[in-house]
Amino acid sequence: MQVVPQGDWKRTHNCGELREGNVGAKVCLMGWVNRYRDHGGVIFIDLRDRYGLTQIVFDPSDYPDIFDIGDSLRNEYVIAIKGNVRNRPEGMANPKLPTGMIEVLVGEVKVLNVCKSLPIAVNEEGDEDERVRLRYRFLDLRRERMQKNLIFRSKMNKVVRDYFSGKDFLEIETPVLTKSTPEGARDFLVPSRLSKGSFYALPQSPQLFKQILMACCYDKYFQVVKAYRDEDLRADRQPEHTQIDLEMSFPDEEDIFSLIEELMKKMFKEGLDIDIEPPFRRMTYEEAMLKYGCDKPDLRYDLEVTDVTEVVRGSDFKVFEKVIASGGRIRGIRVPGGAAMTRKKIDDLITYSQKLGSTGLAWMKVNEEGLQSNIVKFFNKEKQQGFIREFGAQPGDLLTFVAGRAADICPILAAVRLEIARRMEMKPLEEFAFAWVTDFPLFEWDPTEKRWAPMHHIFSMPRDRDMKHLVDPDSDDYDPAKVYGRLYDLVLNGVELGSGSIRIHNTGLQQKVFDVIGIDEETAQERFGFLLEAFQYGAPPHGGIALGLDRLLAIMCGESSIREVIPFPKTSTGTCLMTGAPSTVDKAALREVGVKVNIPQEKQVDET
RNA sequence: GGAGUUGUGGUGUAGGGGUUAACACGCCGGCCUGUCAAGCCGGAGAUCGCGAGUUCAAAUCUCGUCAACUCCGCCA
């Protein structure tokens, strides 16, 4: 096949553009052969670019000299054609295509490039193993699904930038080569050639820089920015992900909430033409844990956890009494219509809960006469009435119970709750269920390390009313467990979309927080002295949030993995199947940065 | 670090001790002047992820290993 230069040919239209109004026009199109239909006498080709498909026709009765070229075209060849737009014959229009009323009769053709036989089809959505798609990502990205997702992503980026710019926010870039930031994750390290033995870290977020920008008077900052964390991957976690990062001076929580709610409203309206209705639901961390068992509840499903410890207390059911005696709780979920579940289905649910670590899952069916199950006999009439009252049970419901320490049963109840929604094929209350979860504890006790650990990041402002539990370690009120922060998470459909807080802007208070988690002044100076120093020169009160753009886009695109909205993602072992990254480097390159590889021989990657 | 699922022509699947390793799509060739998932005929293409073991015999059974995915740990 003869490949020829493009020469002075210019596209007059793209492949999604021509309509009946263009009939009679002489046009030049360029694109990929999406599919060819050779009828021996006449050849149809769907020419594709990212704007659409246009049917072009090779007809030997009109242009016999180029027919052989048309005959030799194959999928994904890149061609340029010149020809006349004409109406399709009566009854031959294709209503599935926007360009389906017309076709272009090819008068001249240039083959700009050929294509090898394809490992995966571009012109249809394959269901191949993801490793094949990632290996041939350059083909996968040509497909409609990925095009749609990436174009959507670009559009949303513009909405975000327009939105913040329109509100006087400044997009200010922060370094990628920086100092280790104090998030909890492992840093990616980059060796320094000029300072051998020293390393940059890739930022886990621009956290410290954006706080310093507040101290610098840039009172409204935002950035669409990559963040890097060297931790294990998941469907919703990549080693590099993109955040919509922002920070404001002099805000309170409501300022942040309404700012983000309006952004979400705009993105959903412009991206999906869906109206979402702020304000979003708000609940405290404690409420979320109690009612849903987790801090990122999926509120699409109308299922709540009910604590029935006080109803149970004093019953004849030894299993529950034992748990209560040791300080545990009895909590359960009412399953509307669940009484119709077969014994087998209930057993499956029990097995599921046990796999999660529960000791069991008790249950009772609710019918017109009352409660029915093998354990009802342990509860007197009054307690049975108590269950019906507390759960708000209706005949036809199933009541489930899990017993244990609150910290142990919360995650089980959270998972069982979602499993019930799935198995009962519950109809979502709404397609997109947003919520703000607020007032997280600032610290949690780490039993293995025997010390207080920060539950979120360490620059979050404690609530005013909790200061007394923090400021004076010698006072009777001192108790880090009772200190809650001005923290907030944005949750959508059970996914943590973002996290933020009102920050500490006062070095004295900041050191009090460091004291709790065992960071002395010297360590604090060494790790983020620059921030503390900046705060001594007139730092304003400030706060902000960072949203996970990949997660948001995945939900909006209806994808179950963020890899579907990232052009070149990594596999679960952090490798890129297309480029082969990460890879070994020359010894000379290592020497130059003063790094020596020291790993067990058998683990060394073969360089061939 | 742990658990689970998966791995068979280019792609997706079937086959579960002895088969000529089957089917669909794709690919190549031929026929065909109105298709649009075109149609019809023919053909090529697989040492069944890799390595050991059991067996007269392994794609098939066992063990190990690698890879992908999902989850736990981890990631505020």
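Naming: A, B, ... by sequence-line order, numbering from 1 per chain. The structure displayed is predicted, hence computed values, not measured ones.
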> A:His542 and A:Phe459: aromatic ring centres closer than 6.0 Å?
Replying inline: no

> So which nucleotide does B:C36 pair with, by the Watson-Crick or G-U wobble rule with both distances under 3.5 Å?
Replying inline: none

> Listed in order of residue number, which residues of residues 231-240 of chain A have a non-hydrogen atom at under 4.0 Å from RNA chain B?
Replying inline: A:Glu231, A:Asp232, A:Arg234, A:Ala235, A:Arg237

> Please give, in whole Å, the distance from B:A76 P to A:Asp446 CG?
Replying inline: 14 Å

> With sugar-phosphate meaning primed atoms plus P, OP1 and OP2, does A:Thr575 contact a base, only sugar-phosphate, or nothing at under 4.0 Å between heavy atoms?
Replying inline: sugar-phosphate

> How many Å lie between CG on A:Leu356 and P on B:C71, as a whole number?
Replying inline: 13 Å

>> Below the 4.0 Å mark, does B:A76 have OP1 or OP2 next to a side-chain nitrogen or oxygen of A:Arg186?
In response: no

> If you count the non-hydrogen atoms of other residues, nucleotides and ligands that lie under 6.0 Å from CD in A:Gln2, is the total more than 12?
Replying inline: no

>> Tell me every residue that passes salt bridge (charged side-chain N to carboxylate O under 4.0 Å, His left out) with A:Arg131, counting only those two or more places apart in sequence or in another chain.
In response: A:Asp129

> Want to settle it: does A:Glu444 or A:Gly574 sit nearer the 5' end of RNA chain B, counting the closest nucleotide to each?
Replying inline: A:Gly574

> Is it true that A:Glu419 and A:Arg422 make a salt bridge, defined as a side-chain N closer than 4.0 Å to a carboxylate O?
Replying inline: yes

> Whole-Å distance between B:C75 P and A:Gln243 CD?
Replying inline: 16 Å

>> Taking ring pair (Phe, Tyr, Trp, His ring centres under 6.0 Å) as the definition, give me every residue that meets it alongside A:His456, ordered by chain and number, with sequence neighbours left out.
In response: A:Phe440

>> Checking A:His469 now: which residues fulfil ring pair (Phe, Tyr, Trp, His ring centres under 6.0 Å) with it, not counting sequence neighbours?
In response: none

>> Output the rounded distance in Å from CG (A:Asp230) to P (B:G73).
In response: 18 Å

> To the nearest angstrom, how far is A:Arg135 atom CZ from B:C69 atom P?
Replying inline: 15 Å

> Taking a pair as Watson-Crick or G-U wobble with both distances under 3.5 Å, which nucleotide is matched to B:U13?
Replying inline: B:A22

>> In the structure I gave you, are the side-chain heavy atoms of A:Ile102 and A:Thr54 within less than 4.5 Å of one another anywhere?
In response: yes

> Expressed in angstrom and rounded to an integer, what is the separation of A:Asn75 atom CG from B:C27 atom C1'?
Replying inline: 10 Å

>> Strictly under 4.0 angstrom, non-hydrogen atoms only: write out the protein contact profile of nucleotides 31-36 of chain B, one letter per nucleotide from the 5' end, B, S or -.
In response: -BBBBB

> Expressed as a whole number of Å, how far does the P atom of B:A3 sit from that of B:G64?
Replying inline: 10 Å

> Can we call the ring centroids of A:Tyr36 and A:Tyr77 under 6.0 Å apart?
Replying inline: no

> Among all residues two or more places apart in sequence or in another chain, which pass the side chain to side chain contact (heavy atoms under 4.5 Å, CB included) test with A:Thr579?
Replying inline: A:Cys576, A:Ala581

> Looking for any heavy atom pair under 4.0 Å, which part of the strands does A:Arg133 touch: base, sugar-phosphate only, or nothing?
Replying inline: nothing

>> Below the 4.0 Å mark, does B:A68 have OP1 or OP2 next to a side-chain nitrogen or oxygen of A:Thr573?
In response: yes

> Ring centres of A:Tyr285 and A:Tyr484 under 6.0 Å apart?
Replying inline: no

> Starting at NZ of A:Lys355 and ending at P of B:U70, how long is that distance when rounded to a whole Å?
Replying inline: 19 Å

> Mind checking the P distance from B:U19 to B:A57? Whole angstroms is fine.
Replying inline: 14 Å

>> Taking pairing as Watson-Crick or G-U wobble with both contacts under 3.5 Å, can you name the mate of B:A46, or confirm there isn't one?
In response: none

> Between B:A37 and A:Asn34, is there an OP1 or OP2 to side-chain N/O distance shorter than 4.0 Å?
Replying inline: no

>> The criterion is ring pair (Phe, Tyr, Trp, His ring centres under 6.0 Å); which residues satisfy it with A:Tyr488, sequence neighbours excluded?
In response: A:Phe257

Quick test: give all pairs of protein nitrogen or oxygen and nucleotides 5-15 of chain B nitrogen or oxygen below 3.5 Å, distance rounded to 0.1 Å.
{"from": "B:G10", "atom 1": "O2'", "to": "A:Pro119", "atom 2": "O", "distance (Å)": "2.8"}
{"from": "B:U11", "atom 1": "O4'", "to": "A:Pro119", "atom 2": "O", "distance (Å)": "3.4"}
{"from": "B:G12", "atom 1": "OP1", "to": "A:Asp129", "atom 2": "N", "distance (Å)": "2.8"}

> Near RNA chain B, which residues from residues 487-503 of chain A have a heavy atom under 4.0 Å away?
Replying inline: none

> Under the side chain to side chain contact (heavy atoms under 4.5 Å, CB included) test, which residues partner A:Glu287, sequence neighbours left out?
Replying inline: A:Arg281, A:Met283, A:Thr284, A:Lys291

>> Rounding to an integer number of angstrom, what distance separates B:C66 and B:G51 when you compare their P atoms?
In response: 15 Å

>> It should be established whether A:Arg229 places a side-chain nitrogen or oxygen under 4.0 Å from OP1 or OP2 of nucleotide B:C74.
In response: no

> Considering residues at least two apart in sequence or located in another chain, which fulfil the ring pair (Phe, Tyr, Trp, His ring centres under 6.0 Å) criterion with A:Tyr63?
Replying inline: none

Show me, pair by pair, the donor-acceptor contacts under 3.5 angstrom made by side chains of residues 350-357 of chain A, not counting sequence neighbours?
{"from": "A:Thr351", "atom 1": "OG1", "to": "A:Asp347", "atom 2": "O", "distance (Å)": "2.8"}
{"from": "A:Ser353", "atom 1": "OG", "to": "A:Ile350", "atom 2": "O", "distance (Å)": "2.9"}
{"from": "A:Ser353", "atom 1": "OG", "to": "A:Ser358", "atom 2": "OG", "distance (Å)": "2.8"}

> Around atom NZ of A:Lys570, are there more than 12 heavy atoms of other residues, nucleotides or ligands at under 6.0 Å?
Replying inline: yes

> What interatomic distance, in whole Å, is found between C1' of B:A24 and the corresponding atom of B:A67?
Replying inline: 26 Å

> Nearest of B:C27, B:C69, B:C25 to any side-chain atom of A:Ser572?
Replying inline: B:C69

> For B:U70, what is the paired nucleotide under Watson-Crick or G-U wobble rules, both distances under 3.5 Å?
Replying inline: B:A3

>> For the C1' atoms, the ones on B:U13 and on B:G17, what distance do you get once it is rounded to whole angstrom?
In response: 22 Å

> Paired with B:U54 by Watson-Crick or G-U wobble geometry, both distances under 3.5 Å: which nucleotide is it?
Replying inline: none

> Quantified in whole Å, what is the P atom distance between nucleotide B:C41 and nucleotide B:G26?
Replying inline: 14 Å

> Only one of A:Arg486, A:Met461, A:His457 clears side-chain contact (heavy atoms from CB on, under 4.5 Å) with A:Ser501; which?
Replying inline: A:His457

> Taking OH from A:Tyr352 and P from B:U70, how many angstroms apart are they, rounded to a whole number?
Replying inline: 16 Å

> If the P atom of B:G10 is compared with that of B:G30, how far apart are they to the nearest Å?
Replying inline: 24 Å

> Mind checking the C1' distance from B:G42 to B:G16? Whole angstroms is fine.
Replying inline: 33 Å

> Between A:Glu253 and A:Ile502, is any pair of side-chain heavy atoms under 4.5 Å apart?
Replying inline: yes

